[in-house]
Amino acid sequence: MTAVNPLLQDLQHRGLIAQTTNEEELNELLNSGAVTLYCGFDPTADSLHLGHLVPLLMLKRFQDAGHRPIALVGGATGLIGDPSFKDQERQLNSAEVVAQWGDCLKAQISRFIDFSGDEGAVLANNYDWTAGVDVLSFLRDVGKHFTVNKMIAKESVKQRIDREGAGISFTEFTYQILQSYDYQQLNSRYGCTLQIGGSDQWGNITGGIDLTRRMNGAHVHAITLPLITKSDGTKFGKTEGGAVWLDPKKTSPYAFYQFWLQTPDADVYRFLRFFTFLPVEQIAAIERADAERAGRPEGQRVLAQEVTKLVHGEAGLEAAERITQALFSGDTSALSENDYEQLSLDGLPSSMLLAEELVEKPLTTLFAEAGMAKAGREVKDALQRNAVVINGRNVGLDQNMAAAELFDSNNALFDRFFLVKLGKKKHHLFMI
RNA sequence: GGUGAGGUUCCCGAGUGGCCAAAGGGAUCAGACUGUAAAUCUGACGCGCGAGCUUCGGUGGUUCGAAUCCACCCCUCACCA
């Protein structure tokens with residue numbers, strides 16, 4: 001029995017390993033020196049989202065442990081669409097759009113992984129080795145290694161094949177061959193011997209392992225990461241606004257920080273292990289301390305701080321905490337004119353008001369348009385329950401038509417700011 | 001191609017001529033309680049501050065009146081070929 005690899009052990013303690021190829025061999029591989037490993041990210045949008053964060057951080061964990069990660073942007077696979085566990089055929093995106101999205105992902109990934117240095121990490125794009133391949137070569141050289149029988153048997157496409165009325169196009173069916181080809185190529189080009197990915201990628205990954213053995217005669221490995229679940233069964237990583245993005249323009253550091261801060265107790269320590277680099281012992285200590293102390297736990301705050309810092313940097317975290325402090329301390333009187341300007345810059349939702357538009361406009365419409373509620377009805381409900389506060393003053397439904405008066409410059413802070421709170425958590429800054 | 005079942009408001013799902021903006025559940029939003037947590041309880045939940053306006057696969061029709069009846073069409077599912 002060889003020594004247990006510390007990285008592998010840490011990953012196990014964190015619950016970050018769903019499946020692996022032969023564990024003994026994997027352990028030996030990691031003990032034998034620097035390993036080159038890869039993880040693919042398909043450009044399906046102009047930004048990565050929380051679902052990508054765990055694999056991305058995983059690459060970093062390996063890099064920190066002295067291994068060499070390859071971040072693969074799926075410029076080619078993104079054109080095809082991964083059918084794994086999807087119940088419906090997906091809409092194809094145009095080549096220009098996918099290329100542009102791919103560039104966005106590259107920029108984001110670069111903030112997590114260090115690509116400098118000759119022996120450093122590699123940023124690759126599978127478009128580079130697929131775009132030029134002609135159909136006949138591909139079918140003869142690569143396709144010949146796959147049996148349709150095996151491809152059909154994969155769990156990831158099973159529901160699409162079994163189920164009547166669903167179906168799968170040849171295009172998407174081919175996806176697993178393309179991803180397998182990536183592994184084989186990365187093995188040839190960079191000596192890559194380990195692939196990581198979400199547990200839904202197991203089928204695609206094993207295809208790559210087989211292909212690499214057949215074409216390169218190389219014995220390569222894989223680790224899959226668990227699907228991140230929430231204790232209440234709802235989907236992780238979603239808010240009212242949809243996905244939580246890593247791009248600060250799409251999800252502000254403040255909104256990002258708030259997302260983590262609102263993590264249920266039942267999930268917070270697990271998420272600390274998944275999404276931060278804090279040692280597992282320290283996380284366990286936080287959990288113990290929280291359990292012993294009555295009242296508000298520390299876990300959420302630590303989680304929000306750590307992950308926001310990781311994704312948005314010190315400055316992003318500071319901005320998020322600045323807003324949070326101002327809005328949730330209950331004391332906004334301490335804010336200076338400069339602070340209000342900063343709130344908007346820091347990512348607090350804000351909008352401009354035009355005096356002439358306020359005369360006929362009910363608050364319900366005004367706040368719904370500002371994005372504080374989905375429909376005027378929700379604002380009405382909040383007004384009825386005294387849940388709307390403008391600059392510290394409660395506003396009721398009887399003032400619904402009094403927008404012009406409420407937002408008069410005489411009532412403004414520093415002659416132009418209005419901080420509106422709807423419910424306990426929704427804040428919006430209006431400026432005149 | 002044949003036969004049978006069905007398409008209802010975000011989702012599931014009741015509703016078969018007026019009492020239906022449409023039961024019930026879920027999701028969502030707000031309130032209470034708390035810790036910006038969970039659980040629980042309360043309210044809202046097509047759109048509109050309101051008067052009112054627009055919905056029940058589509059198009060036409062019957063009727064004072066249709067989600068509900070009729071005709072045609074579109075789509076889904078099941079079984080058979």
Side-chain angles (χ1 to χ4, degrees), chain A residues 87-89 159 162-167 229-242 244 252-272 286-287 289-305 307-308 320-332 348-349 357-390 394-407 419-428:
Chain A
D87 56 3
Q88 270 191 330
E89 183 82 12
Q159 56 175 323
D162 286 354
R163 203 170 147 228
E164 278 197 44
T229 55
K230 276 173 59 181
S231 52
D232 62 3
T234 57
K235 209 166 177 204
F236 168 78
K238 294 268 189 257
T239 60
E240 326 130 46
V244 177
S252 74
Y254 163 66
F256 189 86
Y257 180 88
Q258 284 289 322
F259 170 84
W260 293 106
L261 199 64
Q262 289 167 42
T263 304
D265 291 3
D267 295 321
V268 69
Y269 308 104
R270 207 160 42 94
F271 287 180
L272 277 166
I286 295 171
E287 184 169 6
D290 281 347
E292 282 163 20
R293 181 172 358 96
R296 183 185 207 147
E298 277 291 284
Q300 280 86 344
R301 198 178 57 79
V302 176
L303 179 66
Q305 285 177 338
V307 188
T308 306
E321 290 193 311
R322 198 155 51 227
I323 300 182
T324 297
Q325 175 61 26
L327 299 183
F328 290 90
S329 68
D331 180 24
T332 48
L348 179 69
E357 281 181 8
L358 294 177
V359 181
E360 289 292 313
K361 194 172 270 188
L363 295 181
T364 47
T365 308
L366 182 65
F367 295 154
E369 282 176 356
M372 298 187 76
K374 285 197 209 70
R377 191 99 206 171
E378 287 185 2
V379 180
K380 184 186 168 189
D381 184 49
L383 284 168
Q384 270 169 341
R385 288 163 167 272
N386 250 319
V388 176
V389 179
I390 301 177
N394 279 78
V395 180
L397 187 58
D398 53 326
Q399 290 169 94
N400 191 30
M401 295 309 292
E405 191 185 320
L406 290 164
F407 289 101
L419 199 52
V420 177
K421 184 168 83 139
L422 193 161
K424 268 183 289 199
K425 299 174 199 167
K426 291 178 185 169
H427 300 266
H428 197 100

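Any value given below was found using the heavy atoms of this structure, including those in side chains, with hydrogens, waters and symmetry copies removed. Just so you know, these numbers come straight off a predicted model, no measurement behind them. Numbers restart at 1 for each chain; the letters A, B, ... are given by sequence-line order, proteins then strands.
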Show me the protein contacts with nucleotides 52-56 of chain B, counting only N or O atoms at under 3.5 Å.
none

Per atom distances to the Leu261(A) side chain, the nearest of G35(B), G31(B), U36(B) is U36(B)
Q. Taking atom C1' in both U8(B) and U55(B), what distance in whole Å separates the two?
A. 10 Å
Query raised in the report: Which part of the nucleic acid does Gln258(A) contact within heavy-atom distance under 4.0 Å: base, sugar-phosphate only, or nothing?
Result: base
Looking only at U36(B), U34(B), C29(B), the nucleotide nearest the Lys374(A) side chain is C29(B)
Contact list (N/O, under 3.5 angstrom) for nucleotides 20-26 of chain B vs protein:
none

Of the listed U36(B), G31(B), C49(B), the closest approach to the Arg385(A) side chain comes from G31(B)
Winner on side-chain proximity to Lys380(A), out of G50(B), C29(B), G35(B), is G50(B)
Of G35(B), C47(B), C49(B), the nucleotide closest to the side chain of Met401(A) is C49(B)
Checking G35(B), U36(B), C47(B) against the side chain of Ala375(A) (C-beta onward), the nearest is C47(B)
Next item on the list: Determine the contact category for Glu378(A): base if any of its heavy atoms lies under 4.0 Å from a base atom, sugar-phosphate if only primed atoms, P, OP1 or OP2 are that close, otherwise nothing.
Entry: sugar-phosphate
Regarding the side chain of Lys425(A), the nearest nucleotide among A30(B), G35(B), U36(B) is U36(B)
Hey, is CD on Glu298(A) packed in by over 12 heavy atoms from elsewhere, all under 6.0 Å? yes
Practice item. Report yes if a side-chain nitrogen or oxygen of Arg377(A) is closer than 4.0 Å to either non-bridging phosphate oxygen (OP1 or OP2) of C45(B); otherwise report no. Key: yes
Taking only side-chain N and O atoms of Thr263(A), does any of them lie within less than 4.0 angstrom of OP1 or OP2 on A37(B)?
no
When both distances are under 3.5 Å in a Watson-Crick or G-U wobble arrangement, the nucleotide paired with C69(B) is G61(B)
5'-most contact on RNA chain B (nearest-nucleotide basis), Ala368(A) vs Phe328(A), goes to Phe328(A)
inquiry  = Ignoring hydrogens and geometry beyond distance, is a side-chain donor-acceptor pair present between Gln305(A) and Glu321(A) at under 3.5 Å?
reply    = yes
At 4.0 Å (heavy atoms only), tell me whether Ser231(A) reaches a base, stays on the sugar-phosphate, or touches nothing. nothing
Of the candidates U36(B), A37(B), A44(B), the side chain of Asp381(A) sits closest to A44(B)
Notebook entry, point to check: Between the base of G31(B) and the side chain of Asn386(A), is there any donor-acceptor pair under 3.5 Å?
Noted result: no
I want to check one thing: is the phosphate of A38(B), taken as OP1 and OP2, less than 4.0 Å away from some side-chain N or O of Lys230(A)? no
Regarding the side chain of Pro264(A), the nearest nucleotide among G35(B), C49(B), A38(B) is A38(B)
Is it the case that U36(B) (base atoms only) and Lys426(A) (side chain only) share a donor and an acceptor within less than 3.5 Å, ignoring hydrogens and angles? no
inquiry  = When you measure from the side-chain N and O atoms of Thr365(A) to the phosphate of C49(B), is any distance below 4.0 Å, counting only OP1 and OP2?
reply    = yes
Which donor-acceptor pairs under 3.5 Å do side chains of residues 359-369 of chain A form with protein atoms, sequence neighbours excluded?
unit_1    : atom_1 : unit_2    : atom_2 : d
Lys361(A) : NZ     : Glu369(A) : OE1    : 2.9

Requested in this report: Classify the nucleic acid contact of Ala387(A) as base, sugar-phosphate or nothing, counting any heavy atom under 4.0 Å across all strands shown.
Outcome: sugar-phosphate
